[in-house]
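Report on the structure given below.
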Number of protein chains: 2
Amino acid sequence: MSASTKLSTAVKALCLIAEDNNSPKTSTVISTRTGVNASKLRMLLSMLAKSGIVNSGKGSKGGFILNKDPKDIHLQEIYCSIEDRKAFHLDVQKFLGHHLSIPVQINNYFLDLFAEIQVDIEDKMKKISLQSIIDKLEK
Amino acid sequence: MSASTKLSTAVKALCLIAEDNNSPKTSTVISTRTGVNASKLRMLLSMLAKSGIVNSGKGSKGGFILNKDPKDIHLQEIYCSIEDRKAFHLDVQKFLGHHLSIPVQINNYFLDLFAEIQVDIEDKMKKISLQSIIDKLEK
DNA sequence: CTTATTTGTTATAGTTACTGTAACAAATTA
DNA sequence: TAATTTGTTACAGTAACTATAACAAATAAG
């Protein structure tokens with residue numbers, strides 16, 4: 001599952017949970033509504049639980065609820081919870097040349113550039129709250 | 001080869017070609033200096049040739065030369081020449097629900113967001129010329 | 001206490017995608 | 001005619017991803 005698919009899947013799940021935050025939603029219910037496998041959802045949601053975005057409960061009254069107001073949940077936060085890998089997978093090919101060779105210097109140049117792009121993307125995502133996405137859906 | 005690896009590899013090749021644009025450089029020579037397989041370089045460079053960034057010549061005096069001033073070659077142009085796939089591979093998972101279901105709406109939301117990010121990245125790349133990269137190497 | 005439910009995590013089998021290389025026709029030069 | 005080099009296709013090997021299954025641990029209910 002790519003970083004961007006994970007992100008959109010997580011947001012789908014969070015929107016469904018937000019519909020009624022009084023009754024926990026199980027991974028099975030979310031799976032039925034989103035078409036995403038329940039195991040996979042549990043993997044994503046357990047990561048969101050670890051970073052305090054949702055609460056999870058086991059057993060017959062178990063499931064997932066939001067642990068924060070949707071106004072206070074931002075895309076960047078969700079993204080960082082579910083994605084270890086730096087960035088949207090912007091990489092360069094390693095080359096074992098000496099320090100001042102062109103390939104090595106270009107690698108460093110692009111590592112810097114891709115890091116900058118990553119920051120830009122995360123800044124953009126910091127400005128987007130879960131609530132703002134929910135508002136757009138209700139239109 | 002990921003989009004970003006392709007891009008940095010192409011720039012490496014172009015920088016080496018730019019060193020002396022009077023004598024064409026063969027894929028074998030560029031391969032030796034970059035550590036990238038010659039066949040793969042030919043694939044990349046043939047795409048750059050199709051979009052007019054380099055000229056290629058076959059035979060014993062053949063090889064690749066730049067077809068433009070490095071000041072007039074921009075990263076975005078290089079990127080678009082070598083990459084069919086839209087963007088840095090930002091995707092969402094398809095879901096066959098009805099038109100107004102949350103998963104479908106979220107998919108559309110993220111497709112728009114990722115398209116916006118793609119435009120941001122390309123705008124950034126439009127401002128970077130091959131010459132500006134070469135200048136940084138000579139420092 | 002036992003049974004049912006649900007998360008959290010690991011494992012697994014099947015498939016897809018990527019990687020590096022080879023191979024060779026077509027074009028060019030000598 | 002022979003040597004060189006691009007441009008393109010093919011291919012085998014490997015790595016990565018996908019979807020699902022499986023099950024221990026925790027919780028709730030009867």
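Convention: sequence-line order gives letters A, B, ...; per-chain numbering from 1. No hydrogens, no waters, no symmetry mates; every other heavy atom, side chains included, goes into these values.
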B:Thr5 side chain to B:Ser2 side chain, donor-acceptor N/O pair below 3.5 angstrom: yes
Salt bridge B:Glu19-B:Arg33, side-chain N to carboxylate O under 4.0 Å: yes
Given D:dG7, D:dA19, D:dT6, the nucleotide with the shortest approach to the side chain of B:Ser46: D:dG7
Test item: side-chain donor near acceptor, A:Ser23 and A:Asp20, under 3.5 Å: yes
Sequence neighbours excluded - salt bridge (Lys or Arg N to Asp or Glu O under 4.0 Å) pairs with any residue from residues 109-120 of chain B: A:Lys124-B:Glu116, A:Lys124-B:Asp120
OP1 or OP2 of D:dA19 under 4.0 Å from side-chain N/O of A:Asn37: no
Closest to side chain of B:Arg42, choosing from C:dG20, C:dT7, D:dT8: D:dT8
Candidate nucleotides D:dT6, C:dT9, C:dT7, ranked by approach to the side chain of B:Thr26 - the nearest: D:dT6
Any A:Ser56 side-chain nitrogen or oxygen under 4.0 Å from OP1 or OP2 of C:dG8: yes
Any A:Lys40 side-chain nitrogen or oxygen under 4.0 Å from OP1 or OP2 of C:dT10: no
Contact under 4.0 Å: B:Ser27 side-chain N or O vs D:dT6 OP1/OP2: yes
Given D:dT8, C:dA11, C:dG8, the nucleotide with the shortest approach to the side chain of A:Met43: C:dA11
Protein-nucleotides 28-30 of chain C N/O pairs closer than 3.5 Å?
{"residue": "C:dA30", "atom": "OP1", "partner": "B:Lys61", "partner atom": "NZ", "Å": "2.7"}

Under 3.5 Å: donor-acceptor pair, side chain of B:Lys6, backbone of B:Leu44: no
